[in-house]
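Everything on this sheet refers to the single structure shown next.
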4 protein chains.
Amino acid sequence: MAKLQKSIDKRNALIKATIELVNNNGFHATPMSKIAKMANVSPATIYLYFENKQDLVNQTYIEVKTEYSEYAFATYNNDMSVDEGFEIIWKRIADFKLNDSENAMFLAQCDNTPIIDEPSLQEGIKHLQPLLDLWKRGKEEGIIKPISDYLLYAYAINPLSFLMMTQKRSAFKLDETHIEAAYQVAWDSIKVNK
Amino acid sequence: MAKLQKSIDKRNALIKATIELVNNNGFHATPMSKIAKMANVSPATIYLYFENKQDLVNQTYIEVKTEYSEYAFATYNNDMSVDEGFEIIWKRIADFKLNDSENAMFLAQCDNTPIIDEPSLQEGIKHLQPLLDLWKRGKEEGIIKPISDYLLYAYAINPLSFLMMTQKRSAFKLDETHIEAAYQVAWDSIKVNK
Amino acid sequence: MAKLQKSIDKRNALIKATIELVNNNGFHATPMSKIAKMANVSPATIYLYFENKQDLVNQTYIEVKTEYSEYAFATYNNDMSVDEGFEIIWKRIADFKLNDSENAMFLAQCDNTPIIDEPSLQEGIKHLQPLLDLWKRGKEEGIIKPISDYLLYAYAINPLSFLMMTQKRSAFKLDETHIEAAYQVAWDSIKVNK
Amino acid sequence: MAKLQKSIDKRNALIKATIELVNNNGFHATPMSKIAKMANVSPATIYLYFENKQDLVNQTYIEVKTEYSEYAFATYNNDMSVDEGFEIIWKRIADFKLNDSENAMFLAQCDNTPIIDEPSLQEGIKHLQPLLDLWKRGKEEGIIKPISDYLLYAYAINPLSFLMMTQKRSAFKLDETHIEAAYQVAWDSIKVNK
DNA sequence: TATGAATGAGTCTTCATTCAT
DNA sequence: CATGAATGAAGACTCATTCAT
């Protein structure tokens with residue numbers, strides 16, 4: 001038991017180190033040796049937990065993506081109305097992106113870069129199913145615009161990634177009122193105007 | 001004249017090669033030697049035009065960013081009304097992002113990655129001034145929501161980057177009606193609802 | 001234990017190879033790859049023992065300089081009279097320079113060239129202290145000329161470097177009688193004439 | 001005439017640049033391009049005057065060596081007595097080594113390094129003939145010790161190189177009295193003691 | 001399981017040299 | 001004569017990965 005825990009700890013340390021280093025330096029300029037050092041293990045040890053560097057970064061991506069979606073849907077359930085559900089999910093996502101920015105930045109980098117291989121990207125997408133289901137319901141009920149899910153995501157969710165990035169880069173900080181405003185814009189952009 | 005032209009051609013070939021290779025393989029996994037080969041020059045020749053790899057990618061970024069904004073504002077002028085102006089700019093940007101996707105992808109990768117250094121990023125941002133001016137005017141006239149420019153950009157412009165990316169990755173293709181719909185969503189999200 | 005020894009052996013092999021190659025080809029024209037090959041290791045292995053090429057050559061210099069002075073003073077002790085002590089030291093130095101010419105040549109090249117950095121040169125000088133002490137004593141006793149240590153070194157010791165060099169280059173060979181003659185000249189040149 | 005002069009000027013500029021750069025950086029770390037820049041010519045121009053880098057440095061060596069010996073023997077003639085002649089030559093050499101230290105350093109580096117090829121070294125040695133002749137005469141007259149010319153050179157002349165080097169490196173400066181003292185040591189070391 | 005040492009393959013960059021003008 | 005542009009070859013150094021322990 002103690003041994004297993006130690007293993008898990010090491011794996012987590014490696015994944016954490018990968019995120020931090022890739023965020024700050026990019027995938028290039030993040031050698032395995034540095035990851036090992038930051039995780040307090042030998043370079044060789046990495047290969048006990050991951051097949052190679054690609055596998056390490058793939059698994060890190062899936063791990064973070066999973067954490068992300070679990071957080072997003074943690075307080076949501078199918079019984080909620082569409083608008084209530086959307087608000088809950090959206091605000092959880094906003095919370096994740098803007099406060100857990102280490103993880104969010106890592107996802108942004110992976111999603112705009114060819115460092116993650118296709119299968120892992122697909123694997124990561126799966127987790128968003130509840131949101132797509134909600135939208136399907138919303139469209140059926142005439143509450144949400146009958147447009148491509150891609151468009152809905154582009155306008156309702158993705159702006160949060162951009163805001164997280166600018167928040168990280170510039171002095172700009174999103175406070176509570178900003179977020180409420182942002183939510184309104186997001187909802188306005190996808191809800192059907194009566 | 002002929003000599004100067006040849007020089008310019010070579011520099012352009014190098015920049016073009018950089019974009020294509022970085023798009024497909026990432027900054028890492030894009031060796032100078034491959035860039036040279038694709039541009040039909042010797043590796044050593046790159047260093048006649050650029051100080052080093054970082055400089056090459058910085059300058060490529062600025063070049064593309066400039067091209068992007070020139071395209072965006074080419075048909076716009078200050079005499080236009082706010083909504084007319086916005087529509088014109090937005091559609092030019094959409095056109096650029098969705099059709100000149102090589103360039104757009106490159107920008108997306110640079111903007112979500114630490115491969116470009118800070119000064120060059122700043123340099124690239126400058127070019128968007130006309131859009132910020134338009135928004136200022138729109139806010140004064142009560143046409144555009146009185147919210148942070150960052151929010152406006154996040155909702156009105158940035159989704160196009162996401163759509164470009166998914167279009168590149170999946171089979172999903174944005175046709176004319178999609179774009180018109182997207183434009184409506186964009187405009188809805190930033191205009192003041194009367 | 002065995003592992004440590006192996007490490008030391010490798011380091012020594014690298015230093016030996018450096019000396020031989022730099023002697024024959026100069027610092028330029030001595031690529032790391034050749035040093036590695038001669039030491040029977042991979043080029044990358046050099047960097048486990050030395051920071052970079054400069055560090056390798058610096059450390060080699062200090063190593064050889066240390067060996068040189070240890071040899072020079074091995075049979076000397078402070079109880080000896082000034083003239084006895086000088087003869088003993090001088091002959092040890094002559095022995096080193098003329099017989100261990102690989103090491104001596106390396107030092108000559110380093111001392112007449114900007115390949116070693118200043119700190120390492122300083123480090124190397126330290127070891128000659130016993131000789132300077134002897135001269136101080138000699139001057140106090142009125143046995144050795146009251147002139148700058150630099151002059152004493154220039155006339156008493158440095159000629160051996162020149163002789164080593166010509167011996168290496170030309171057919172000229174210093175035999176026992178030569179050396180005795182040389183010693184007499186050296187001693188004549190620094191002792192006080194009564 | 002003007003054209004020829006211009007050519008000579010360029011050649012001289014190249015040689016001067018070579019000396020300065022090799023002195024400060026060593027033969028390695030002295031690229032042709034830097035030499036060209038310092039001499040205010042194009043890299044390609046070097047090859048109009050010299051076959052290649054080796055040839056450039058060889059010819060520079062011979063040039064400097066010639067200048068050195070011409071200076072050494074300029075005020076000497078065969079009618080002088082041995083001791084007068086030696087003093088005159090020695091002091092000219094001292095003057096050259098200690099005051100024209102750029103040139104002297106260059107020679108020191110060449111003489112302790114494998115950067116000059118054998119033929120050029122031989123070529124450089126020739127010029128010392130008058131000194132060897134003087135010594136021959138001195139030995140015949142019983143004024144100078146009947147020992148190898150190499151030993152004579154090692155003790156009478158070579159120390160000046162060492163002194164030049166330390167003067168360049170440390171704060172130590174040889175003034176008039178030092179030089180007179182040095183001359184006495186030199187002469188003491190090779191003259192026959194009566 | 002864990003590791004430090006070792007390395008082959010590759011990367012960026014430099015440089016002596018050439019050549020078209 | 002003179003040159004700036006161009007380059008092939010080579011060099012220092014790094015790094016993902018392996019292996020003996």
Side-chain angles (χ1 to χ4, degrees), chain A residues 3-4 6-7 10-11 27-37 39-57, chain B residues 2-4 6-7 10-11 27-36 39-56, chain C residues 2-4 6-7 10-11 27-36 40-56, chain D residues 3-4 6-7 10-11 28-37 39-57:
Chain A
K3 229 167 187 182
L4 178 60
K6 228 176 158 188
S7 261
K10 251 172 217 180
R11 191 174 182 281
F27 181 63
H28 88 287
T30 298
M32 295 295 260
S33 55
K34 264 194 197 165
I35 296 174
K37 195 163 289 171
N40 273 317
V41 298
S42 156
T45 304
I46 301 183
Y47 292 85
L48 298 177
Y49 295 86
F50 305 95
E51 250 176 72
N52 51 34
K53 195 179 180 186
Q54 185 62 57
D55 182 44
L56 165 60
V57 80
Chain B
K3 216 159 193 185
L4 178 61
K6 229 174 155 188
S7 260
K10 244 168 226 183
R11 191 173 180 282
F27 181 63
H28 89 287
T30 298
M32 295 296 258
S33 55
K34 263 193 200 166
I35 296 176
N40 270 317
V41 297
S42 155
T45 302
I46 301 183
Y47 293 85
L48 295 177
Y49 296 87
F50 306 95
E51 253 177 68
N52 48 39
K53 196 180 179 184
Q54 184 63 56
D55 183 45
L56 166 59
Chain C
K3 217 161 193 185
L4 178 61
K6 227 175 158 188
S7 260
K10 246 171 222 182
R11 193 175 179 280
F27 180 64
H28 88 286
T30 299
M32 295 297 258
S33 55
K34 265 193 200 166
I35 296 175
N40 272 316
V41 298
S42 154
T45 303
I46 302 183
Y47 294 87
L48 295 178
Y49 295 88
F50 305 95
E51 252 177 68
N52 50 37
K53 195 181 179 184
Q54 183 64 56
D55 184 45
L56 166 60
Chain D
K3 228 165 187 183
L4 177 60
K6 229 176 157 186
S7 261
K10 251 171 215 178
R11 193 174 179 281
H28 88 285
T30 297
M32 295 295 260
S33 56
K34 265 194 198 166
I35 296 175
K37 196 164 286 170
N40 273 316
V41 298
S42 156
T45 304
I46 301 182
Y47 293 85
L48 298 177
Y49 295 88
F50 306 95
E51 250 176 71
N52 51 35
K53 197 181 180 186
Q54 186 62 56
D55 183 44
L56 166 59
V57 80

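In what follows, every chain begins at residue 1, and chains take the letters A, B, ... in the order their sequences are listed.
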**Request:** Kindly give the heavy-atom pair with the smallest separation between D:Thr30 and D:Lys53, and that separation in Å.
**Result:** O-NZ, 2.9 Å

**Item:** Pairing pattern in dot-bracket form [Watson-Crick, G-U; both distances under 3.5 Å; | = partner strand] for DNA chain F
**Value:** .||||||||||||||||||||

**Item:** D:Leu56 CG - E:dC15 C1' separation (whole Å)
**Value:** 15 Å

**Length of the line joining B:Arg11:CZ and F:dA6:C1', which is rounded to integer Å** = 18 Å

**Asked** What's the NE2-C1' distance between C:His28 and F:dA12, to the nearest Å?
**Response** 16 Å

Any protein N or O atoms within reach of nucleotides 11-14 of chain E? Criterion: under 3.5 Å, listing atom names and distances.
from, atom 1, to, atom 2, distance (Å)
E:dC12, OP1, B:Lys53, NZ, 2.7
E:dC12, OP2, B:Met32, N, 2.8
E:dT13, OP2, B:Tyr47, OH, 2.8
E:dT13, OP2, B:Lys53, N, 3.0
E:dT13, O5', B:Tyr47, OH, 3.4

**Asked** Between D:Leu48 (CG) and E:dT18 (C1'), how many Å, whole number?
**Response** 12 Å

**Request:** Whole angstrom is fine here: how far is it from OH in D:Tyr49 over to P in F:dT3?
**Result:** 8 Å

Side chains of residues 43-52 of chain C: which donor-acceptor pairs under 3.5 Å do they make with residues two or more places apart or in other chains?
from, atom 1, to, atom 2, distance (Å)
C:Thr45, OG1, C:Ser42, O, 3.4
C:Tyr49, OH, C:Ser7, OG, 3.3
C:Asn52, OD1, C:Gln54, N, 3.2
C:Asn52, OD1, C:Asp55, N, 2.8

**Request:** Assign D:Lys10 to base, sugar-phosphate, or nothing according to its heavy-atom contacts below 4.0 angstrom with the strands shown.
**Result:** sugar-phosphate

**Item:** Between E:dC19 (P) and D:Ile46 (CD1): distance, integer Å
**Value:** 17 Å

**Prompt:** Which part of the nucleic acid does A:Phe50 contact within heavy-atom distance under 4.0 Å: base, sugar-phosphate only, or nothing?
**Reply:** nothing

**Request:** Can you figure out which of E:dT1, E:dT7, F:dG8 approaches the side chain of C:Ser42 most closely?
**Result:** E:dT7

**Message:** Rounding to an integer number of Å, can you tell me how far D:Lys34 NZ sits from E:dA16 C1'?
**Reply:** 15 Å

**Asked** Can you check the A:Asn40 CG to E:dG4 C1' distance for me, whole Å?
**Response** 15 Å

**Asked** Does a nitrogen or oxygen in the side chain of A:Thr45 sit under 4.0 Å from OP1 or OP2 of E:dT3?
**Response** yes

